[in-house]
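In what follows, a structure is listed as structure tokens, so that the remarks can point back to it.
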Amino acid sequence: MTKKPRTLSTAKKAPAKKTGIKKKDAVWEKLAKELKLIIPKLDSEGLAFLVEQSRIHLYNMQVDDLNRMKQEAYANAKKKSGGKTKTVKTQSSKTEFFGVDATSAGYYLRCTGGGTMFSKSEMVQMVKIAHGPGSAQETGTRLYSWFTRERSDVLSTLQITDRLDKKLLSLAAFIKKNFKVKS
């Protein structure tokens, strides 16, 4: 007696996780079918490119989920405290403004271009960078490198275009002025 192999139509589908991954709809199904037809036609280089792009997209989805969760935690912490959070405001220049709301969830950094959440450990890293040696441009370059490596989403959220962007230099000055490094 031979066992009948399971097919996709009879296999049970796992429930969708609540991590921002949307349920598979008709559009997803259509694109998946198209991709299945394309894959056999690709060479190794083309397939490697698709895999790399998929990994990048998955990483970006995870970053979006983390930012959403941090912002929800910030909003919940603000509600629980009755809106009482420690807020630091400064006018960095005529065109750029930064502010920080400190809560138990972390730090919410605000700028005219947007805002984003940072954990306490991320904020400590930025403070150490801002208090490092060198000129404002060197500090801005180090912050830019750190964002590129650790939190690339911040560059787009705060609309920072390059390592010499005025927002980046203003952010470095703001952090240096308002936060101290503990020894």
Side-chain angles (χ1 to χ4, degrees), residues 3-75 96 98 105-130 132 134 137-172 175:
K3 289 186 178 181
K4 195 175 187 180
R6 266 209 259 183
T7 63
L8 290 176
S9 59
T10 61
K12 290 184 179 179
K13 291 182 180 177
K17 294 181 181 178
K18 294 182 180 179
T19 59
I21 298 174
K22 297 177 184 173
K23 289 184 179 180
K24 296 173 176 110
D25 57 7
V27 174
W28 187 95
E29 294 291 338
K30 182 180 176 184
L31 292 171
K33 285 179 185 177
E34 184 178 349
L35 187 58
K36 286 178 187 175
L37 292 173
I38 293 172
I39 287 175
K41 298 176 185 177
L42 295 174
D43 60 2
S44 296
E45 186 178 322
L47 193 56
F49 175 77
L50 283 180
V51 168
E52 182 62 25
Q53 290 300 305
S54 298
R55 288 180 183 145
I56 290 169
H57 184 71
L58 287 173
Y59 173 79
N60 289 339
M61 288 171 52
Q62 291 172 339
V63 168
D64 289 343
D65 284 342
L66 285 173
N67 278 335
R68 182 187 45 77
M69 288 188 297
K70 285 181 178 181
Q71 287 175 345
E72 287 173 2
Y74 167 72
E96 304 305 329
F98 283 92
Y107 297 88
Y108 185 74
L109 179 68
R110 290 179 282 112
C111 173
T112 53
T116 190
M117 281 293 294
F118 292 100
S119 68
K120 290 180 182 179
S121 63
E122 289 171 330
M123 199 65 193
V124 167
Q125 289 297 315
M126 291 191 307
V127 170
K128 287 180 180 178
I129 292 168
Q137 288 182 340
E138 291 170 329
T139 303
T141 298
R142 286 194 304 274
L143 268 178
Y144 184 85
S145 296
W146 186 82
F147 285 141
T148 302
R149 190 175 60 252
E150 301 293 331
R151 291 288 307 273
S152 59
D153 60 299
V154 172
L155 298 174
S156 60
T157 301
L158 298 181
Q159 300 173 0
I160 296 172
T161 55
D162 60 23
R163 20 186 109 246
L164 300 177
D165 192 298
K166 288 181 182 180
K167 288 181 187 177
L168 195 59
L169 300 176
S170 182
L171 173 60
I175 291 172

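Because the structure is a prediction, the values reported are computed rather than measured.
With rounding to the nearest 0.5 angstrom, the NZ atom of Lys33 is 10.5 Å from the CH2 atom of Trp28. The structure places CE of Met126 at 4.0 Å from CE of Met123, a figure rounded to the nearest 0.5 Å. Note that the OG atom of Ser119 and the CZ atom of Arg151 stand 7.5 Å from one another [nearest 0.5 Å].
The side-chain heavy atoms of Thr141 and Glu138, taken from C-beta on, include no pair separated by under 4.5 Å. At a threshold of 4.5 Å between non-hydrogen side-chain atoms, the residues Val154 and Phe118 count as touching.
Partners of Thr148 according to the side chain to side chain donor-acceptor pair (under 3.5 Å) rule, which considers only residues two or more places apart in sequence or in another chain, do not exist here. Residues passing the side chain to side chain contact (heavy atoms under 4.5 Å, CB included) test with Ile56 are Glu52, Gln53, Asn60, sequence neighbours excluded. Judged as a salt bridge (Lys or Arg N to Asp or Glu O under 4.0 Å), and not counting sequence neighbours, Arg142 has no contacts.
The minimum heavy-atom distance between Ile39 and Leu47, with the atom names listed, is CG2-CD1, 4.1 Å. When all heavy atoms of Ala130 and Ala172 are compared, the closest pair comes out as CB-O, 3.8 Å. The shortest heavy-atom contact between Phe147 and Leu155 is CB-CD2, 3.8 Å. The two residues Leu50 and Leu35 have their closest heavy-atom pair at CD1-CD1, 4.1 Å.
The side-chain contact (heavy atoms from CB on, under 4.5 Å) test with Leu143 singles out one residue from Leu168, Leu169, Ile160, and that residue is Leu168.
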